[in-house]
Amino acid sequence: MKRRFTDFWLRRREHIGNRLRYGPQKRYFRCPACRAVQSVPICHAQTKVVCRKCGEIFLRRT
C-alpha cells in the first residue's frame with residue numbers, strides 16, 4: 001500500500017510542480033458582440049483579439 005501511494009504521489013508532485021513553474025498558458029475572453037468565448041495565449045501586453053464566430057475585433061490586456 002505504501003509503495004502504491006508513493007508512486008502516485010511522485011507522479012502527482014511532478015505535475016503540480018510543472019503547473020507552479022510554468023503557470024497558466026491561456027486567458028479566456030468573451031466577445032462583446034456575440035458573447036462567444038475566445039482563448040488567447042498570455043503575453044503581458046495589449047492584444048488584438050478577433051472573434052472566430054462573428055469577426056469582431058477587440059483589444060484586451062493579457
Supply the atom-to-atom distance Lys26 NZ to Ile42 CD1, rounded to the nearest 0.5 angstrom. 10.0 Å
Heavy-atom closest pair, residues Arg30 and Arg35: NH1-O, 2.7 Å
Nearest 0.5 angstrom please: His44 NE2 to Arg61 CZ, how far? 9.5 Å
Connected to Tyr28, directly or through other members, by ILVMFWY side-chain contacts below 4.5 Å are Val37
Flag yes if Val50 and Phe29 sit in one hydrophobic cluster, no otherwise; membership is Ile, Leu, Val, Met, Phe, Trp, Tyr, and two members link when side-chain heavy atoms are under 4.5 Å apart. no
How are the rings of Trp9 and Phe5 set relative to one another: parallel (under 30°), tilted (30 to 60°) or perpendicular (over 60°)? parallel
When rounded to the nearest 0.5 angstrom, what is the spacing between CG in Asp7 and CZ in Arg12? 15.0 Å
Rounded at 0.5 Å granularity, tell me how far SG in Cys34 sits from CZ in Arg52. 12.5 Å
